[in-house]
Amino acid sequence: MFIVEIIDNVRHLLKDDLTEELHPHAKLSIAAASFSMYAFYELKEQLEGIDSLRFIFTSPTFTTEKTPKEKREFYIPRFDCERAVCGSEFEIKLRNEMTQQAVSHECTDWIRQKASFKSNRTQSAIQGFIHVQKEPPAAYTPLNGFTTVDLGCSRGNTLSSFITKTDYPRR
């Protein structure tokens, strides 16, 4: 039997829930549109203890352009997705604190040690999620990006962002 919980990012934040779930030696898998170093910074203590992170961008990001120009009818520039690494438009307060260089160095060192990144190069959509591989495992869906807005630490431009957490009980 699964245990399903709703995270509203108002009274119950995704960041707080992940803080409890990310135990040392856990393995983390994330599929999301963007990755922000400020989201890393919010969970830095827990993320330093995990064994690994597998991250897949849900749309082509940090890839060489191979789409013919005539097929760009509904093209969304990747620049915004790629720029989100340094903070999205909603993380401007964090950028203004003048800590961006220190945070980027810490995040870069951590990525080199524990993370692998891939990009969805297909035309098929991937729904964003977080999966914490530990005993018992936990999964969170849907997830737009791995940003402070998605963690519930910053306000975004959505009225609500409900995330479903599925726990697998101990056997």
Side-chain angles (χ1 to χ4, degrees), residues 1-59 61 76 80-97 99 103 106-107 110-111 114-120 124-171:
M1 173 160 37
F2 300 107
I3 301 168
V4 177
E5 188 176 333
I6 301 295
I7 297 171
D8 63 8
N9 270 344
V10 175
R11 289 171 278 135
H12 185 193
L13 304 181
L14 178 58
K15 175 199 171 197
D16 296 337
D17 208 86
L18 285 171
T19 300
E20 293 176 20
E21 292 291 339
L22 290 174
H23 300 295
H25 306 295
K27 293 180 181 178
L28 186 61
S29 298
I30 301 175
S34 58
F35 177 92
S36 167
M37 66 184 182
Y38 294 110
F40 157 80
Y41 197 71
E42 289 291 333
L43 294 169
K44 179 183 166 203
E45 186 178 320
Q46 291 74 27
L47 290 174
E48 285 180 344
I50 68 171
D51 280 349
S52 64
L53 164 69
R54 295 181 313 162
F55 191 100
I56 186 164
F57 289 101
T58 54
S59 60
T61 307
I76 298 171
D80 290 337
C81 297
E82 294 169 4
R83 189 176 55 192
V85 168
C86 297
S88 70
E89 62 194 81
F90 302 108
E91 295 171 318
I92 194 150
K93 176 184 173 285
L94 300 170
R95 288 194 308 229
N96 287 341
E97 291 176 357
T99 59
V103 171
E106 291 177 29
C107 185
W110 178 81
I111 286 171
K114 302 203 177 193
S116 67
F117 286 83
K118 294 193 177 190
S119 187
N120 175 18
S124 303
I126 298 176
Q127 180 177 337
F129 66 86
I130 295 177
H131 181 264
V132 182
Q133 185 178 337
K134 61 173 188 62
E135 195 53 49
Y140 303 85
T141 187
L143 183 74
N144 293 324
F146 186 68
T147 66
T148 57
V149 173
D150 296 292
L151 293 177
C153 304
S154 301
R155 294 269 312 148
N157 62 351
T158 58
L159 189 57
S160 65
S161 65
F162 293 105
I163 298 168
T164 304
K165 175 186 178 185
T166 306
D167 266 331
Y168 304 86
R170 295 182 193 271
R171 293 180 184 213

Between L18 and V132, does a side chain to side chain contact (heavy atoms under 4.5 Å, CB included) hold up when you go through it step by step? CA-CA 9 Å; L18 285 171; V132 182; 4.2 Å; yes

Using the side-chain hydrogen bond (donor to acceptor under 3.5 Å, both in side chains) criterion, which residues pair with [X]? Sequence neighbours excluded.
| X | value |
| --- | --- |
| N9 | none |
| T19 | none |
| D16 | none |
| Y41 | none |

Can you see which heavy atom on [X] is nearest to which on [Y], and at what distance?
| X | Y | answer |
| --- | --- | --- |
| S59 | S119 | O-OG, 3.2 Å |
| A32 | G145 | CB-CA, 3.6 Å |
| N120 | T58 | ND2-O, 3.1 Å |
| L47 | L28 | CD2-CD2, 3.7 Å |
| I7 | L14 | CG2-N, 3.6 Å |

Taking the side chain from [X] and the backbone from [Y], do they hold a donor-acceptor pair closer than 3.5 Å?
| X | Y | result |
| --- | --- | --- |
| K15 | L43 | no |
| S161 | D8 | no |
| D51 | K27 | no |

Residues in side-chain contact (heavy atoms from CB on, under 4.5 Å) contact with P142, at least two apart in sequence or another chain: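 For P142 the side-chain contact (heavy atoms from CB on, under 4.5 Å) partners, ignoring immediate neighbours, are Q127.
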
Sequence-distant partners of E21, side-chain contact (heavy atoms from CB on, under 4.5 Å), two or more places apart: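 Expected list: D17, K134, A138, Y140, K165, D167.
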
Parallel, tilted or perpendicular, judged at 30° and 60°: which one describes the rings of F35 and F146?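 It falls in the parallel class, under 30°.
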
Return the orientation label for the W110 and F40 ring planes: parallel under 30°, perpendicular over 60°, tilted otherwise.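 Tilted.
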
How far does [atom1] of [X] sit from [atom2] of [Y], to the nearest 0.5 angstrom?
| X | Y | atom1 | atom2 | value |
| --- | --- | --- | --- | --- |
| I30 | F57 | CD1 | CZ | 10.5 Å |
| S36 | D150 | OG | CG | 9.5 Å |
| I111 | F55 | CD1 | CZ | 9.5 Å |
| H131 | R54 | NE2 | CZ | 9.0 Å |
| H25 | I50 | NE2 | CD1 | 11.5 Å |
| I130 | L22 | CD1 | CG | 8.0 Å |

Close side-chain approach of I163 to I6, heavy-atom, < 4.5 Å: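 I163 vs I6: side chains apart.
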
Going by distance alone, is a donor N or O of one side chain under 3.5 Å from an acceptor N or O of the other, for T148 and S154?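 Their side chains do contain a donor-acceptor pair, which is all the 3.5 Å distance test asks for.
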
